[in-house]
Amino acid sequence: MFSDAPQASVPSVPSLQRHALSGATMGTRYSAVFFAAAGVDESAIGAALFAAADKVDRQMSTWKPDSDLSRLNAMPAHQWLAVPDELLVVLDTALRVGVQSNGAFDVGVGDLVDAWGFGPSGPMPDEGRARALKAHAHHPASDVLEIDLVQKRVRKRAAITLDLSGIAKGYGVDALAGCLDGFGITRYLVGIDGEMRAKGHKPDGQAWAIAIEKPVVDVREVMGVMELADAAIATSGTYRHWVEVAGTQHAHTMSPSARQPVCNRLASVTVVMPSCMLADAWATALLVLGETAGVELAQARGMDALFVVRDGDDFQQISIVEGERQR
């Protein structure tokens, strides 16, 4: 997955035309580049892409007080709430990844996210609130949230604030991919804020080229390029969204066990999987686990992952391909 080796030549398909569409969603932008036959209804595809991304945002945003997630967060404990299919899938997946990652991925850290200035309350950390939350024992979402897949409903066994920022964009990318699949398009690259999913190859036989950012604060620099086909990629890092408290930078990703922003030597983790929702969640989980436990879990699960480790002013890379550490 992380090889820069050239792809084998595939006969080109000259009748296909390149299309590029984009729009605003989730406080950022989505994009879709695809190849389709001449005469394709680009307007209809654009409208469908917007609707797919907007549905995810309307259901899963913590910034929209009328979103389905916000309604769930506001519900008292022990009361069932009917939720849409899409949110049900994301919540169910989030709880499974939470258990499989030994609690490193946990959507029940919404209060922490907000207290540290990354939520709807505003960009300034509330240090008193953060200290109070750190002092209390944490109960993971997998212990608190009950999901009824048959009746399509959810309830909380105790008070908890959910935050889906580590999985919703990935699901949104999968929704964009499903949208293009519905139009019979078989060669595309879709993405939201750096989370990407590709299908097929370009008409000239080349895979889709994905730039991997060098994890440097306030600098946009390419560290490498990865070729992607029929797979999804997601990166979680500590260098793009952060706050400064008393001269120290704190990342937006929370460590559920430490009850504070993640603090280890990892600058970023990139994961490749068939589903962008899973790649998104696992990139977050491995970042929280750190360079030792994260690498070990990626190997145990046979994953494709790239760990970028801070080494003074430089970076070291640890590449895992199908669970094997590359030398």
Is a donor on one side and an acceptor on the other found under 3.5 Å between the side chain of [X] and the backbone of [Y]?
{"X": "Asp106", "Y": "Ala141", "result": "yes"}
{"X": "Asn73", "Y": "Leu162", "result": "yes"}
{"X": "Asp311", "Y": "Asp314", "result": "no"}
{"X": "Glu195", "Y": "Thr235", "result": "yes"}
{"X": "Ser255", "Y": "Pro261", "result": "no"}
{"X": "Ser101", "Y": "Gly98", "result": "yes"}
{"X": "Arg325", "Y": "Ser319", "result": "no"}
{"X": "Asn264", "Y": "Glu291", "result": "no"}
{"X": "Arg310", "Y": "Leu266", "result": "yes"}

Tell me which one of Asp280, Asp193, Thr28 satisfies side-chain hydrogen bond (donor to acceptor under 3.5 Å, both in side chains) with Lys169. Asp193
Have a look at Gln59 and tell me which of Arg71, Glu86, Lys64 forms a side-chain hydrogen bond (donor to acceptor under 3.5 Å, both in side chains) with it. Glu86
Just verifying a value: how many Å separate [X] [atom1] and [Y] [atom2], rounded to the nearest 0.5 Å?
{"X": "Phe34", "Y": "Leu16", "atom1": "CZ", "atom2": "CG", "value": "11.0 Å"}
{"X": "Asp304", "Y": "Gln326", "atom1": "CG", "atom2": "CD", "value": "9.0 Å"}
{"X": "His201", "Y": "Leu228", "atom1": "NE2", "atom2": "CG", "value": "9.5 Å"}
{"X": "Leu145", "Y": "Leu72", "atom1": "CG", "atom2": "CG", "value": "6.0 Å"}
{"X": "Leu289", "Y": "Glu296", "atom1": "CG", "atom2": "CD", "value": "9.5 Å"}
{"X": "Asp181", "Y": "Leu176", "atom1": "CG", "atom2": "CG", "value": "11.0 Å"}

Group every Ile, Leu, Val, Met, Phe, Trp and Tyr by side-chain heavy-atom contacts under 4.5 Å, then state whether [X] and [Y] land in the same group.
{"X": "Val154", "Y": "Val99", "answer": "no"}
{"X": "Tyr171", "Y": "Trp63", "answer": "no"}
{"X": "Val288", "Y": "Phe118", "answer": "no"}
{"X": "Val89", "Y": "Trp80", "answer": "no"}

Under 4.5 Å between any side-chain heavy atoms of [X] and [Y], yes or no?
{"X": "Val269", "Y": "Val271", "result": "yes"}
{"X": "Met226", "Y": "Val272", "result": "yes"}
{"X": "Asp114", "Y": "Arg129", "result": "yes"}
{"X": "Trp282", "Y": "Leu287", "result": "no"}
{"X": "Leu112", "Y": "Gln260", "result": "no"}
{"X": "Lys152", "Y": "Val83", "result": "no"}
{"X": "Leu49", "Y": "Tyr30", "result": "yes"}
{"X": "Arg301", "Y": "Gln100", "result": "yes"}

Give me the atom names and distance for the closest heavy-atom approach of [X] to [Y].
{"X": "Val308", "Y": "Met223", "value": "CG2-CE, 3.5 Å"}
{"X": "Ala38", "Y": "Gln17", "value": "CB-NE2, 3.6 Å"}
{"X": "Ala283", "Y": "Ala234", "value": "CB-O, 3.8 Å"}
{"X": "Ala48", "Y": "Phe183", "value": "CB-CE1, 3.6 Å"}
{"X": "Val190", "Y": "Ala177", "value": "CG2-N, 4.0 Å"}
{"X": "Ala175", "Y": "Ala52", "value": "O-CB, 4.1 Å"}

Strictly below 4.0 Å, N to O, side chains only: are [X] and [Y] in salt-bridge contact?
{"X": "Arg96", "Y": "Asp92", "value": "yes"}
{"X": "Asp148", "Y": "Arg155", "value": "no"}
{"X": "Asp174", "Y": "Arg197", "value": "yes"}

Residue of the set Asn102, Val109, Val107 for which side-chain contact (heavy atoms from CB on, under 4.5 Å) holds with Phe105: Val107
Would you say [X] has more than 12 foreign heavy atoms packed within less than 6.0 Å of its [atom1]?
{"X": "Glu324", "atom1": "CD", "result": "no"}
{"X": "Lys134", "atom1": "NZ", "result": "yes"}
{"X": "His139", "atom1": "NE2", "result": "no"}

Is it true that Ser165 and Asp163 share a donor-acceptor pair across their side chains at a distance under 3.5 Å? yes
Trp208 vs Phe35 aromatic rings, parallel, tilted or perpendicular, using cut-offs 30° and 60°? tilted
Working note: Ile320 + Val295, criterion side chain to side chain contact (heavy atoms under 4.5 Å, CB included); need CA distance, chi angles, decisive distance, verdict. CA-CA 8 Å; Ile320 309 296; Val295 168; 3.9 Å; yes
